[in-house]
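Here the structure is laid out as structure tokens; the discussion comes afterwards.
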Amino acid sequence: MTVLVINAGSSSLKFQLFDMDTHEVKAKGLCERIGIDGRYKYTAAGRDAIVNDYEMKSHSDAIRLLIDLLTDKETGVIASLEEIDAVGHRVLSAGEKISESVIVDQRVKDIIRECIPIGPLHNPANLMGIEACEEVMPGVPQVAVFDTAFHQTMPPEAYLYAIPYEYYEKYMVRRYGFHGTSHRYVSGEALKILGNPNAKVVTCHLGNGSSIAAVDAGKCVDTSMGLTPLEGLPMGTRSGSIDPAIVSFIAENEGLTATEVVNILNKKSGVLGVTGVSSDFRDIDAAVEAGNERAKIALKMFNRSIEKYIGGYACIMGGLDAIVFTAGIGENNSVMRREICDDIAFLGVKIDPEKNAHPGKDCVVSAADSKVKVLVIPTNEELVIAMDTAALVAKN
Ligand code: ADP
């Protein structure tokens, strides 16, 4: 089976074409500046990337372009559109309405539309991606895989905020959580590695956006992101959790609106805000090397926040069997993993410095006598979307 995975943003569209027999990516690419002027990058497996300007007025134009690239005699990897068996879409939010991946029909599209208030940037774009595929490849089954779905098992004490209940009822204000596909995948892999379906696992997805989840016996019981992906850990450009009174304090003092302050919390804060250097943790590491004091503090803030979540979630679950590190920072930054694990050694966490420096295929980087296993599991959200898509289409 061949599955196309689409991740549509407001002016961009990322895609990967999977051969589901081998799980190989046959081709992948990115269309940018849709509706502005248009530019794309396309890479067929084993060949050089192609980068070109190409006018795309809409997401439908982008889908037409990618079909042309995939089927073209020179650039293509499939003979015709008919070889694409299904399309899997990454969709930000289905609110409380859908808790697993689903085949897209009118009801699903209506739910994605209804959830625009809680995913104002992403849901409309995700819908555009779905409708563009329906237009360009009618009859090809489409599947929606939601970033929020895995977190739908959280109990009310985890997802409610201590604010007037009517805001939950009127506006669906609650914790939803994000990166659900990643947390689901790596926690599932962790249970297999541990050989224990009832294990208590904390998954740390640490990338440009970072979130942590508490997963008890395969079910998410709490997570750090909230109504929006701003809550929780400090990130590349996002503040993470702060005293909410800071919003009106800064607004009044700087003559800004609340929306403008939240924009600053999303785009100019995090390690970028604290250091003034960069949102990329590799640049922060380099700044630390060069003796930048604020960069040192920013990294300590990040670690401390992660440690608070791990400790808190261990308490909520009544124990901890494993910590999983994933995504750009989690998979690659062995120094950070070691520092965090050393700081929380009293929980029974003991890292193996050798394994941690070069994680092997078994993913285990803790010492043999560590009470809590530490795992480094590379995430692959696109593959999970492709696998969900293939499984749903095969069932129907
Ligand atoms: P996104 O959320 O955009 O998918 P990623 O998961 O790719 O982000 O993570 C990006 C972050 O991972 C950046 O801060 C970057 O510094 C860090 N990162 C990526 N590769 C490495 C590496 N080899 N060593 C250290 N940090 C890395």
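Whatever order the structure lists them in is the order used to number ligands and atoms, beginning at 1. Values below: all heavy atoms of this structure, side chains included; hydrogens, waters and symmetry mates excluded.
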(message) Among G207, A327, G328, which one puts a heavy atom closest to atom 12 (O) of ligand 1?
(response) G328

(message) R282 versus ligand 1: do any nitrogen or oxygen atoms come within less than 3.5 Å of each other?
(response) yes

(request) Identify whether the distance between the nearest side-chain nitrogen and carboxylate oxygen of R113 and E131 falls below 4.0 Å. (result) yes

(message) Looking only at distances, can you tell me whether any N or O atom of N208, backbone or side chain, sits closer than 3.5 Å to an N or O atom of ligand 1?
(response) yes

(request) Considering non-hydrogen atoms only, spot the tightest contact between V108 and I103 and give its length. (result) CG2-O, 3.6 Å

(message) So for G236, does at least one of its heavy atoms come nearer than 4.0 angstrom to any atom of ligand 1?
(response) no

(request) Run the numbers for me: atoms of ligand 1, each under 4.0 Å from some heavy atom of G209, listed by number. (result) 2 (O)

(request) Can you pull out the closest protein heavy atom to atom 11 (C) of ligand 1? Residue, atom name and distance to 0.1 Å, please. (result) I329 CG1, 3.7 Å

(request) Report the residues that fulfil salt bridge (Lys or Arg N to Asp or Glu O under 4.0 Å) with D352, sequence neighbours left out, ordered by chain and then residue number. (result) none

(message) With a 4.0 Å cut-off on N to O distance, would you call K57 and D61 a salt bridge?
(response) no

(message) Closer than 4.0 Å and a protein heavy atom, does any atom meet both conditions relative to atom 4 (O) of ligand 1?
(response) no

(request) Say whether D280, considering both its backbone and side-chain N or O atoms, lies within less than 3.5 Å of an N or O atom on ligand 1. (result) yes

(request) May I ask you to say whether D285 pairs ionically with R282, meaning some side-chain N is under 4.0 Å from a carboxylate O? (result) no

(request) Look at atom 14 (O) of ligand 1 and say which protein heavy atom is nearest, naming residue and atom and giving the distance to 0.1 Å. (result) F281 N, 3.0 Å

(request) With rounding to the nearest 0.5 Å, note down the distance linking CG in L227 to OG in S93. (result) 9.0 Å

(message) Among all the protein's non-hydrogen atoms, which is closest to atom 22 (C) of ligand 1, and how far away is it?
(response) N332 CB, 3.1 Å

(message) Between L4 and I6, is there a side-chain heavy-atom distance shorter than 4.5 Å?
(response) yes

